[in-house]
Amino acid sequence: MRLRPGQHLRRNADFGAVREQGRRTDCGAFLLTWRVRPAAGPARVGFVASRAAVGDAVHRNRAKRRLREIYRKHQNLVPPSLDLVLTARAALLRLAYADVEARFIQVCQKLTPTKAPSDV
RNA sequence: UUUCGGAGCCAGAUCUUCGCUCCGCGUUCUUUGAACCAGGAGAGGAAAGUCCGGACACCACAGGGCAGGAUUCCCACCGAAAGAGGGGGCGCGGCGCUUCAAGGCGCCGUGACGGACAGUGUCACAGAGAAUAGACCGCCCGGUUCGACUCGCCGCAAGGCGGCUCGCUCAGGGUAAGGGUGAAAAGGUGGGGUAAGAGCCCACCGCGCCGAAGGCAACGACGGCGGCACGAAAAACCCAAUCCGGUGCAAGACUAAAUAGGGGACUCGGCGGCCCGUCGGACAGUCCCGGGUUAGUCGCAUUCCGCGGCGCUGGCGCAAGCCGGCAGCCCGGAAAGGUGCGCCUUCGGGCGCGCCUAGAGAAAUGAAGAUCCGCCGUCGCUCAAUACGGCGGCUGACAGAAUCCGGCUUACCGGCUUCGGAACUAG
RNA sequence: GCGAGCGUAGCACAAUGGAUAGUGUUGUGGCCUCCGAAGCCAUCGAUCCGGGUUCGACUCCCGGCGCUCGCA
């Protein structure tokens, strides 16, 4: 299962839109934010790891790689036309990889386009 | 063998599966291009801090002065350059030898190491006195008064007068040896000398000045002169000498797209501090408000060669095989740049050998599993264990390229090589 | 990535290189009050870290650490 460049969020405006209009779920190790995109297409994702929450460059990189790998494996659980932002939290690197993976699978149950806000 | 220190090197290994960024043979689709995909490459010694220097880019071809900043013993060394490296000099500290001592010599360590008669300012508290030194105690001289002792004279006596010596008090003066204060008290030690003392005089040492063998130089063996004049601090301002134009890849160039040649204030503008000077010019420019675009490419990631090997692949052939292709890796070679070591040099550099050349853009180098290695914990064996074996655990040090290179600084579990010191054991 | 600036009690700020680093507020204890507030008195509490210069450093110099800001 591949993760292509077109499925990445790259613009600052995209991140801002998700952060302002999306819904949030705290999963302990990470914060999941998502919104329904007006234009149709495959789901897109962005990863955030701040210096304050995670630490130095080594840990920021490792946190984003973990989140990217988990999303890549289980991206079939995410409906299309969604924009996601996964924000790493301090506990992410303290937990085992399999534990974080299980939390992601669990939270994907909530992701349905019909339950998303329709006023976007 | 253990331990300490210096220098250099390494920074877990192998395999399988699934992925990421870049380069991409080939295939397919509609040429541009897109999709799939064989194969290949893919973090560091510090990639970090951004403390110095350079390359490169733009501002005018980088001009003059002022301001500002940087540097500061010397160098025939090294380097593109630097505040880097190397060597030397001098000072300071430690150890050893020597000396009565001061001192001298050797080894090791260490030093932001120009200038304090160019100038301005500072040295709190304590202390008598702190930079034109200073007399509190003490020591010495000492007039007067007083007292003691004694001598002489006068007097019958009480006593008076005068003198020597000593003491006390107080004027006055000498003295920087000693006490005490302080971070620092204006050369030290010894002797002479003196009323007491003092470089007042002498010897040695220190210091200053002059000369000087030697050395490129800093410096200086040695000699002479000077009785001492010269406190600290320039990481206070400052002075001298030397150097520096500014900004930094978010530099900057191009393409595409978009917009209202809009409103207000000020003014010739550029050469990002100021003046000169110069260039451009009568266009416009600067600041504020409002609005639009806030996308892509380049900068920017060594180049090339081989009837070589590996690998992949096209065509032909039943097949062996034959004829081709070559992006990548390996090997060999060449060139460019960089770097380390060594050698040569006419000081400009040159030669030889070894090594290196990854490149994103919300930003690649990851995940899982297995084995080995390492570390930690625990149990067993054992007299006891750091040795051996079993089990469990592990972000397996510090840490992630962002234009590139050199130096510095800081972080760091360990391992290997080598050199030096110390201790122990054996020969 | 490149470039500027800052760091003093819990908080907001002072302090020519020189008594025991000061002021307000907060905290603690006491007085006052029937109780509390206010007020009064007392008290605890700090120079980001490590070196250096100096007789002496919050101050001057160097190196770290942390924080803030600017740059298409």
Side-chain angles (χ1 to χ4, degrees):
Chain A
M1 190 77 69
R2 299 187 53 180
L3 187 62
R4 301 197 172 280
Q7 298 167 259
H8 280 188
L9 288 180
R10 290 187 187 273
R11 304 289 185 76
N12 192 32
D14 293 334
F15 278 84
V18 174
R19 193 175 287 122
E20 286 184 18
Q21 303 168 10
R23 301 187 56 176
R24 273 183 212 100
T25 302
D26 189 351
C27 304
F30 57 92
L31 188 71
L32 175 64
T33 314
W34 79 93
R35 71 150 189 163
V36 178
R37 195 168 62 246
R44 301 189 302 178
V45 67
F47 305 95
V48 174
S50 76
R51 187 181 185 83
V54 182
D56 59 22
V58 173
H59 295 95
R60 289 203 300 277
N61 276 341
R62 186 174 297 139
K64 289 165 93 168
R65 283 168 185 155
R66 277 191 158 189
L67 292 175
R68 195 182 299 120
E69 177 68 13
I70 289 167
Y71 178 83
R72 187 185 65 79
K73 274 188 175 177
H74 305 287
Q75 58 183 303
N76 54 340
L77 300 174
V78 179
S81 298
L82 253 62
D83 281 349
L84 312 187
V85 170
L86 294 169
T87 305
R89 316 203 64 182
L92 177 66
L93 295 176
R94 289 200 298 269
L95 295 171
Y97 174 83
D99 192 6
V100 180
E101 190 176 18
R103 285 167 186 263
F104 181 78
I105 294 169
Q106 190 181 4
V107 78
C108 280
Q109 310 291 325
K110 300 183 182 176
L111 290 176
T112 54
T114 53
K115 286 187 179 176
S118 57
D119 57 340
V120 183

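Convention: sequence-line order gives letters A, B, ...; per-chain numbering from 1.
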| field | Rounded distance (Å) that lies between atom C1' of A363(B) and atom CZ of Arg62(A) | value | 18 Å
| message | From C-beta outward on His8(A), which listed nucleotide comes closest to its side chain: A368(B), G366(B), A363(B)? | response | A363(B)
| task | Counting Watson-Crick and G-U wobble pairs only, both distances under 3.5 Å, name the nucleotide matched with U371(B), or none. | result | A13(B)
| query | Thinking salt bridges, do Arg72(A) and Glu69(A) make one under a 4.0 Å N-O criterion? | reply | yes
| field | Separation of atom CG in Leu92(A) from atom P in U395(B), rounded to whole Å | value | 14 Å
| request: State the syn/anti category of A282(B) according to its glycosidic angle, syn meaning within 90° of 0. | output: anti
| Nearest-angstrom distance, C1' atom, C237(B) to G3(C) | 30 Å
Is there any protein nitrogen or oxygen under 3.5 Å from a nitrogen or oxygen in nucleotides 410-414 of chain B, and what are the pairs?
none

| message | Can you tell me which nucleotide in G366(B), A368(B), U365(B) comes closest to the side chain of Arg68(A)? | response | U365(B)
| Considering heavy-atom distances to RNA chain B, does Leu93(A) or Gly46(A) have its closest nucleotide positioned more toward the 5' end? | Gly46(A)
| task | Please report the shortest heavy-atom distance between Lys64(A) and Ala49(A), naming the atom on each side. | result | CG-CB, 3.9 Å
| Residue-phosphate contact under 4.0 Å: Arg72(A) side-chain N/O, C18(B) OP1/OP2 | no
| message | Quick one: does any side-chain atom of Arg103(A) pair with a main-chain N or O of Cys27(A) as donor and acceptor, under 3.5 Å? | response | yes
| A12(C) versus G45(B) - spacing of their P atoms, nearest Å | 45 Å
| Complementary nucleotide of U16(C), counting Watson-Crick and G-U pairs under 3.5 Å | none
| query | With clusters built from Ile, Leu, Val, Met, Phe, Trp and Tyr whose side-chain heavy atoms come within less than 4.5 Å, directly or transitively, what are the remaining members of the cluster of Ile105(A), listed by chain and number? | reply | Leu77(A)
| message | With syn defined as a glycosidic angle within 90° of 0 and anti as the rest, where does G45(B) land? | response | syn
| task | Send over the distance from Ile70(A) CD1 to A368(B) C1', rounded to a whole Å. | result | 12 Å
| field | Base-pairing assignment for C125(B) (Watson-Crick or G-U wobble, both under 3.5 Å) | value | none
| query | Within the stacking criterion (centroid distance below 5.5 Å, interplanar angle below 30°), does Phe15(A) stack on A362(B)? | reply | yes
| query | Taking atom C1' of G19(B) as reference, at what distance in whole Å does atom CD of Glu101(A) sit? | reply | 14 Å
| message | It should be established whether His59(A) places a side-chain nitrogen or oxygen under 4.0 Å from OP1 or OP2 of nucleotide A399(B). | response | no
| Roughly, in whole Å, what's the span from CG in Leu67(A) to C1' in G366(B)? | 13 Å
| query | Counting only N and O atoms by type, is there a donor-acceptor contact under 3.5 Å from the side chain of Asp56(A) to the main-chain atoms of His59(A)? | reply | yes
| query | P atom, A80(B) versus A55(B): distance in rounded Å? | reply | 13 Å
| request: Write down the atom of Arg35(A), the atom of Gln21(A), and the distance for their closest heavy-atom approach. | output: NH1-OE1, 3.0 Å
| Syn/anti state for G173(B) [syn: chi within 90° of 0] | anti
| C343(B) to U297(B) separation - C1' atoms, rounded to the nearest Å | 50 Å
| task | Give none if A82(B) has no partner; otherwise give the nucleotide forming a Watson-Crick or G-U wobble pair with it, both distances under 3.5 Å. | result | none
| query | Which glycosidic conformation, syn or anti, is assigned to A320(B) if syn requires a torsion within 90° of zero? | reply | anti
| Chi-based syn or anti call at G155(B), which uses purine or pyrimidine torsion atoms and a 90° bound | anti
| same_hphob_cluster(Tyr71(A), Leu32(A)) at 4.5 Å side-chain heavy-atom cutoff | yes
| field | G-U wobble or Watson-Crick pairing nucleotide for U259(B) (cut-off 3.5 Å, both distances) | value | none
| request: For Arg89(A) and Asp26(A), work out which heavy atoms get closest and say how close. | output: NH1-OD2, 2.5 Å
| said: Expressed as a whole number of angstroms, how long is the span from Lys73(A):NZ to A367(B):P? | reply: 11 Å
| task | Both distances under 3.5 Å, Watson-Crick or G-U wobble: report the partner of A426(B), or none. | result | none
| said: Between G299(B) and C307(B), how far apart are the two C1' atoms, rounded to whole Å? | reply: 41 Å
| In Watson-Crick or G-U wobble terms, both distances under 3.5 Å, what is the partner of C92(B)? | G109(B)
| field | Closest contact, heavy atoms only, Ala29(A) versus Leu95(A) | value | CB-CD1, 3.7 Å
| task | Nearest whole angstrom, please: distance from the C1' of U395(B) to the CG of Asp56(A). | result | 11 Å
| task | Measure from CD on Glu69(A) to C1' on U21(B) and round the result to the nearest Å. | result | 15 Å
| query | Given that both distances must come in under 3.5 Å, which nucleotide forms a Watson-Crick or G-U wobble pair with G193(B)? | reply | none
| message | Between Leu67(A) and Phe104(A), is there a side-chain heavy-atom distance shorter than 4.5 Å? | response | no
| said: Heavy-atom nearest nucleotide on RNA chain B for Asn61(A) versus Lys64(A): which residue maps closer to 5'? | reply: Lys64(A)
| query | Is there a chain of hydrophobic side chains (I, L, V, M, F, W, Y, each step under 4.5 Å between heavy atoms) that links Val18(A) to Val36(A)? | reply | no
| Expressed in whole Å, how much space separates the C1' atoms belonging to U339(B) and C404(B)? | 14 Å
| Under 4.0 Å protein heavy-atom contacts per nucleotide of nucleotides 67-72 of chain C, with B for base, S for backbone only and - for none | ------
| query | Is there a donor-acceptor pair closer than 3.5 Å between any side-chain N or O of Arg66(A) and the backbone N or O of Val100(A)? | reply | no
| If the P atom of A184(B) is compared with that of G192(B), how far apart are they to the nearest Å? | 32 Å
| task | State which residue, out of Leu31(A), Val45(A), Leu9(A), fulfils the side chain to side chain contact (heavy atoms under 4.5 Å, CB included) condition with Val85(A). | result | Leu9(A)
| field | Gap in Å between the two P atoms, one belonging to A336(B) and one to A368(B), rounded | value | 49 Å
